[in-house]
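Before any comments, here is the structure.
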Amino acid sequence: SFVGGKNATGTVWADDFLLTGRGGNWAGQDWNTGVGVPTGWYYWLPPNGGNDGLLSNGFENTVVTNEASHSGAYSLKFNMPAGRAAHDGFVGTKRFPLNSGNTTISEGDIMRVSVWIKASGLVPDSAAKYPGTWAVGITPLWFAKYGNNDGYNNVGPATDYTFTFPNVTSFDWTQYTEDIVVPAGVNATALETRLHIYSTFVGTVYFDDLTVQKVGTTTTVQGEGTNTPKVFDLSNNYPNPFNPSTTINYSVPTNGIVSLVVYNILGQQVRTLVNAPMNAGRYSIVWDGRGEAGSVLSSGVYLYRLQAGSMAIVKKMLLLK
């Protein structure tokens, strides 16, 4: 809280509160509506969680603007220049309760996250070469509680859903959607959605009209096969951390070309696990921690990216020796 003493006089303005954790580590920051982000939204913009006086990463260009909009007058703009330092950043919604009013959302229900995007200054060759990091997407997060004083209590998977942009340098407003499943066994009561710019992306994107709605359930209904998944999904690898191998499960709801590729933290491709036409179904594959040439890779964080058509999911795993 920000308060004035009982005998205080005069006028004081306060803005852009920054919370610093032990050891000087960033802990949180909040914009108000006058600075650019609507009430209830918040951001993480590297390297200190905000962009105060640290203008080498491109996130200082992140604003709510009236330059473009899909509807209404404003949109959220990320303008990421070439040569910026490699960092992820996001602007995230407040946590919304899964059950409120007449809406009931339960474990296993399918939620459709939708957002409209306009983009320019894209570099298609780089996006194709580094699809795990030269990317834009969303990160839904599940929480056990959602009150203002409940702290950071996320539960269940934290999955990055990356969008596959067309092979162009710019495009007009286009709707992107992802279907996600409410996780089971974690007692999630609220959902937060992050509009995410990944570590090496270059270009300008505008986000507008973010919506989340229930569209179904993973429970089998009469007349449908029990082995056909309803959503595109990539599970957390297990074990994680791992040495020397780990198992990755994934599911695809329709027939088509499917790829599952491992990248290092720089976004460089190190191993193709799957790249073939596949029928709709659930699959499992083991990665032995080796690169394309069969050499054992060094310890570190690796990304694994599942793609089918325009849908893509990225997750992280840790190889320890």
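Given the structure is predicted, the values throughout are model-derived calculations rather than measurements.
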**Study point:** Polar contact flag, side-chain donor to acceptor under 3.5 angstrom, Asp288-Ser245
**Key:** no
**Study point:** Side-chain donor-acceptor pair present, Asn275, Ser259, cut-off under 3.5 Å
**Key:**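 Their side chains do not contain a donor-acceptor pair, so the 3.5 Å distance test is not met.
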Is there a continuous path of hydrophobic side-chain contacts, each under 4.5 Å between heavy atoms, that joins [X] to [Y]?
X	Y	result
Val181	Val113	no
Ile313	Ile138	yes
Trp173	Ile197	no
Tyr130	Leu273	yes
Ile110	Phe232	no

Check your understanding: Would Phe165 and Tyr176 count as a ring pair (Phe, Tyr, Trp, His ring centres under 6.0 Å) if you check the C-alpha gap in whole Å, the side-chain angles of each, and the deciding distance to 0.1 Å?
Key -> CA-CA 10 Å; Phe165 285 170; Tyr176 286 84; 5.6 Å; yes
Closest non-hydrogen atom pair between [X] and [Y], with its separation:
X	Y	answer
Leu319	Ser298	CD2-O, 3.5 Å
Leu141	Ala158	CD2-CB, 3.3 Å
Asn79	Thr204	OD1-OG1, 2.8 Å
Val212	Thr193	CG2-OG1, 4.1 Å
Ala188	Trp142	CB-CB, 3.9 Å
Val186	Val155	O-CG2, 3.6 Å

Could you check whether any side-chain N or O of [X] sits under 3.5 Å from a backbone N or O of [Y], counting only pairs where one atom can act as donor and the other as acceptor?
X	Y	answer
Asp109	Ser106	yes
Thr200	Trp134	yes
Asp88	Ser199	yes
Gln307	Gly309	yes
Asp160	Lys315	no
Glu107	Gly185	yes
Thr174	Asp172	yes
Asn99	Thr189	no
Lys214	Thr104	yes
Ser251	Pro229	no

Evaluate the side-chain proximity of [Y] to [X]: yes if any heavy-atom separation is below 4.5 Å, no if none is.
X	Y	value
Thr247	Ser284	yes
Met111	Gln213	no
Val262	Gln269	no
Leu306	Val258	yes
Val91	His196	no
Leu191	Pro140	yes
Thr246	Pro239	yes
Ile180	Tyr161	yes

Point to revise | Worked verdict on Glu192 versus Lys94 for salt bridge (Lys or Arg N to Asp or Glu O under 4.0 Å) | key: CA-CA 6 Å; Glu192 166 198 312; Lys94 65 180 181 181; over 6 Å; no
Distance, nearest 0.5 Å, that separates [atom1] of [X] from [atom2] of [Y]:
X	Y	atom1	atom2	result
Asn243	Leu318	CG	CG	10.0 Å
Lys118	Ser170	NZ	OG	9.0 Å
Leu260	Ile285	CG	CD1	6.0 Å
Thr162	Leu303	OG1	CG	10.0 Å
Ser120	Tyr206	OG	OH	6.0 Å
Leu210	Ser114	CG	OG	7.5 Å

Practice item. With side-chain contact (heavy atoms from CB on, under 4.5 Å) as the test, would you mind laying out the steps for Phe78 and Phe207 before giving the verdict? Key: CA-CA 8 Å; Phe78 282 89; Phe207 291 100; 3.6 Å; yes
Point to revise | Over 12 non-hydrogen atoms of neighbours within 6.0 angstrom of OH in Tyr283 | key: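 Yes, OH of Tyr283 has more than 12 neighbouring heavy atoms, counting only those of other groups under 6.0 Å.
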Check your understanding: Got a sec: does the CZ of Phe163 have more than 12 other heavy atoms crowding it under 6.0 Å?
Key -> yes
Exercise for review: Decide yes or no on side-chain contact (heavy atoms from CB on, under 4.5 Å) for Tyr74 and Glu67, but give the supporting numbers first.
Suggested key: CA-CA 7 Å; Tyr74 296 92; Glu67 296 174 358; over 6 Å; no
**Study point:** Residue pairs passing the ring-ring contact (aromatic ring centres under 6.0 Å, His included) test where at least one lies in residues 289-321, sequence neighbours excluded
**Key:**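 Residue pairs with at least one partner in residues 289-321: Trp287-Tyr302.
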Exercise for review: Keeping to residues at least two apart or across chains, list the ring-ring contact (aromatic ring centres under 6.0 Å, His included) pairs with something in residues 106-129.
Suggested key: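 Of all non-adjacent pairs touching residues 106-129, those that pass ring-ring contact (aromatic ring centres under 6.0 Å, His included) are His70-Trp116.
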Review point. Taking only residues two or more places apart in sequence or in another chain, which ones pass salt bridge (Lys or Arg N to Asp or Glu O under 4.0 Å) with Arg305?
Key: none
Point to revise | Criterion side-chain contact (heavy atoms from CB on, under 4.5 Å) on Met311 and Thr177, from CA distance to verdict | key: CA-CA 9 Å; Met311 298 179 293; Thr177 62; over 6 Å; no
Exercise for review: May I have the step-by-step check of side-chain contact (heavy atoms from CB on, under 4.5 Å) for Arg282 and Tyr250, ending in yes or no?
Suggested key: CA-CA 6 Å; Arg282 296 178 174 86; Tyr250 60 98; over 6 Å; no
